[in-house]
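Before any comments, here is the structure.
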Amino acid sequence: MEFIDYYTILGVAKTASAEDIKKAYRKLARKHHPDLNPNDASAKQTFQQINEAHEVLSDPEKRKKYDTYGKDWKHAEEYEKAQASRPSSSQGFGQQTSSFDVGEGTDFSEFFSSMFGGGGFSSQSRATKFRGQDFNAEMHLTLSDVFYTHQQTVTVNGKTLKITVPAGIENGQKLALTGQGGPGVGGGPNGDLFITFVIENDPKFKRSGNDLHTVQEIDLYTAVLGGEITLTTLNGKVKLKVKPETQNGSEVKLKGMGMPVYKKDGEFGDLYVKYAVKIPTNLSEKEKELFAELVKLSDGGKR
C-alpha cells in the first residue's frame with residue numbers, strides 16, 4: 001500500500017492543532033475545488049486527496065493510529081489485538097508449543113505482510129514481497145532553464161539526487177526515476193520517484209508547444225523606412241531586418257528559433273515576432289512642422 005503523507009498534502013506540521021488542520025483544509029478545498037478549476041484535469045484528484053487527509057487528521061482516533069502506524073494505520077486494531085493475545089512459549093513433558101510472536105522491535109510492515117499477505121503462521125511460509133512506496137516531487141524552472149539540457153538537484157525525504165533535465169520539457173510533464181522511491185518490504189523492489197515540472201510564465205515569451213511568441217517594440221521611423229534591430233531571444237541576441245512600411249501589429253516568423261523539441265536533438269520550433277510601433281512623443285516644433293508637411297504631401301495639399 002502506498003504511503004500518503006496527509007500532513008504534507010494539507011501543508012501543516014505533525015504538531016498542528018485541530019484548528020490549524022481545519023483552516024488549512026478550508027483554504028485548500030476552496031482553491032482546488034473541481035468546479036473552480038474546470039480546465040485542470042488534476043484538480044479532482046487533488047481535491048480527493050485533500051478530503052482524505054482532512055478526514056483522517058481531523059479525527060483524533062484515526063490521527064493517532066496514522067501517527068503510530070503510518071501507511072498501515074487501517075490495520076492498527078489487528079496489530080494491537082495480536083500483541084495483546086500473543087502467548088509465551090512453554091515446555092511440558094518434553095514437548096514445546098510455539099506461536100507467532102509479534103515481538104518488540106518487529107517492523108509493522110513485516111507483521112502486516114505476514115498477516116494479510118497470505119503467508120500465514122507456518123514456518124514453511126515465505127514473507128510476502130511488497131514494492132516500496134512511490135514518491136512525488138515538484139521542480140520549478142524558468143523557460144530559460146528548459147531551453148538547454150542541464151542538471152538540477154532535488155531533495156526528497158532527506159535524499160539529494162542529481163537529475164538531468166532534458167531541453168524542451170513542458171509544464172506539467174513528469175519524469176520517473178526508477179527505484180528512487182521508498183524501500184521495498186520483504187525483499188521487494190524500491191518504489192519510484194516522480195518529478196512534475198512546473199515551468200513559470202516568462203515575461204517576454206509565450207510558449208505554444210514548441211513555438212514561441214513575443215512582442216517587439218520598434219520606433220515609427222524604423223517602421224516607415226525599414227532598418228535593423230537587435231532582438232533578444234532565449235538563445236542570445238540576433239539581428240533582425242525590418243521591412244519598410246511595416247504595419248503596427250504585423251508579425252514575422254523566425255524559423256527554427258523557438259523551443260527545442262523534447263528529446264529530438266537539433267529540432268526546434270519557430271519564433272513569432274509581433275511588431276508594436278511606438279509613436280514618438282515630446283516632438284520639437286521642427287519635427288511637428290515636418291510631420292505637417294508629410295500630411296500635406298500624403299493628401300495632395302488638401303489640408
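It should be emphasised that the depicted structure is a prediction, and the values quoted were computed from it without experimental measurement.
Note that the NZ atom of K174 and the CG atom of N136 stand 5.5 Å from one another [nearest 0.5 Å]. A distance of 9.5 Å separates OG of S250 from NZ of K274, quoted to the nearest 0.5 Å. Between atom CD1 of residue I195 and atom CD of residue Q180 there is a gap of 9.5 Å, rounded to the nearest 0.5 Å. Between the OH atom in Y148 and the CG atom in N235 there is a gap of 3.5 Å [rounded to 0.5 Å]. We find the CZ-CG distance between F135 and L193 to be 8.5 Å, quoted to the nearest 0.5 Å. T230 OG1 to K237 NZ: the interatomic distance, rounded to the nearest 0.5 Å, is 7.0 Å.
Side-chain contact between Q173 and I199: absent, with no pair of heavy atoms (C-beta onward) separated by less than 4.5 Å. Counting heavy atoms from C-beta outward, Y262 and I169 have side chains that approach closer than 4.5 Å. Side-chain contact between I50 and H32: present, with at least one pair of heavy atoms (C-beta onward) separated by less than 4.5 Å. Side-chain contact between Y7 and D67: present, with at least one pair of heavy atoms (C-beta onward) separated by less than 4.5 Å. Within the 4.5 Å cutoff, side-chain heavy atoms of L231 are placed close to those of L254. In this structure, M259 and R207 have side chains that are in contact, with non-hydrogen atoms separated by less than 4.5 Å. Looking at heavy atoms from C-beta onward, V252 lies in side-chain contact with Y275 at the 4.5 angstrom threshold. Put simply, the side chain of F197 does not reach to within 4.5 Å of the side chain of N171, judged on heavy atoms.
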Can Y6 and Y66 be said to form a ring pair (Phe, Tyr, Trp, His ring centres under 6.0 Å), step by step? CA-CA 9 Å; Y6 293 140; Y66 175 78; 4.8 Å; yes

Using the side-chain contact (heavy atoms from CB on, under 4.5 Å) rule, take R63 and I21 through it: C-alpha gap first, then chi angles, then the decisive distance, then the call. CA-CA 11 Å; R63 182 179 179 181; I21 291 172; 3.3 Å; yes

Under the criterion side chain to side chain donor-acceptor pair (under 3.5 Å), I'd like the reasoning laid out for S17 against D20: C-alpha separation, chi angles, the key distance, then a yes or no. CA-CA 5 Å; S17 65; D20 291 336; 3.1 Å; yes

Using the side-chain contact (heavy atoms from CB on, under 4.5 Å) rule, take E138 and H140 through it: C-alpha gap first, then chi angles, then the decisive distance, then the call. CA-CA 7 Å; E138 282 189 352; H140 291 252; 3.2 Å; yes

Checking K65 against V56 for the side-chain contact (heavy atoms from CB on, under 4.5 Å) test, could you report, in this order, the C-alpha distance in whole Å, the side-chain angles of both residues, the deciding distance, and whether it holds? CA-CA 9 Å; K65 292 177 181 178; V56 173; over 6 Å; no

I would like to know whether F205 and H213 meet ring pair (Phe, Tyr, Trp, His ring centres under 6.0 Å); could you show each step before the answer? CA-CA 6 Å; F205 298 96; H213 296 261; over 10 Å; no

Carefully, step by step, assess L297 and V295 under the rule side-chain contact (heavy atoms from CB on, under 4.5 Å). CA-CA 5 Å; L297 289 172; V295 171; over 6 Å; no

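Under the 4.5 Å side-chain heavy-atom criterion for grouping Ile, Leu, Val, Met, Phe, Trp and Tyr, V165 is not connected to F194 through any hydrophobic cluster. I9 and V198 end up in different hydrophobic clusters when Ile, Leu, Val, Met, Phe, Trp and Tyr side chains are linked at under 4.5 Å. A single hydrophobic cluster is not seen to contain both Y272 and I229; linkage of ILVMFWY side chains at heavy-atom distances under 4.5 Å, directly or through other members, places them apart. When hydrophobic clusters are built by joining Ile, Leu, Val, Met, Phe, Trp and Tyr residues whose side-chain heavy atoms come closer than 4.5 Å, directly or via intermediates, V261 is not grouped with L212. Cluster membership check: Y221 shares its hydrophobic cluster with I218, using side-chain heavy-atom separations under 4.5 Å among Ile, Leu, Val, Met, Phe, Trp and Tyr.
Not one N or O on the side chain of D270 forms a donor-acceptor pair closer than 3.5 Å with the backbone of K253. Side-chain N or O atoms of T214 include one that pairs as donor or acceptor with a backbone N or O of K204 at under 3.5 Å. A distance-only check finds no donor-acceptor pair linking the side chain of E251 to the backbone of G249 [under 3.5 Å]. Proximity of a side-chain donor or acceptor of N157 to a complementary backbone N or O of K159 within less than 3.5 Å is not detected. One N or O on the side chain of H150 and one on the backbone of D145 form a donor-acceptor pair closer than 3.5 Å. Of the possible donor and acceptor atoms, none in the side chain of T246 sits under 3.5 Å from a partner among the backbone N and O of V242. Within the 3.5 Å criterion, the main-chain N or O of H54 finds a donor-acceptor partner in the side chain of S58. Counting only distance, with no hydrogens or angles, the side chain of E287 and the backbone of S284 share a donor-acceptor pair below 3.5 Å. For T155 (side chain) and G158 (main-chain N/O), no donor-acceptor pair under 3.5 Å exists by modelled atom type.
By the 6.0 Å contact criterion, CD on E228 is enclosed, its count of non-hydrogen atoms from other residues, nucleotides or ligands being greater than 12. Remark: Q247 CD is loosely packed, at most 12 non-hydrogen atoms of other residues, nucleotides or ligands lying under 6.0 Å away. Within 6.0 Å of atom NZ in K22, 12 or fewer heavy atoms from other residues, nucleotides or ligands are found, so the atom counts as exposed in its surroundings. For Q45, the CD atom is loosely surrounded, since the number of other residues' heavy atoms within 6.0 Å does not exceed 12.
The two residues L234 and S144 come nearest to each other via the heavy atoms CD2-OG, 3.5 Å. Contact between A137 and V156 at its shortest, heavy atoms only, is CB-CG2, 3.8 Å. Shown here for P260 and F147, the closest heavy-atom pair between the two residues is CG-O, 3.3 Å.
In summary, D192 and R131 engage in a salt bridge, as defined by a charged side-chain N under 4.0 Å from a carboxylate O.
No donor-acceptor contact under 3.5 angstrom links the side chains of S208 and D211, judged on distance only.
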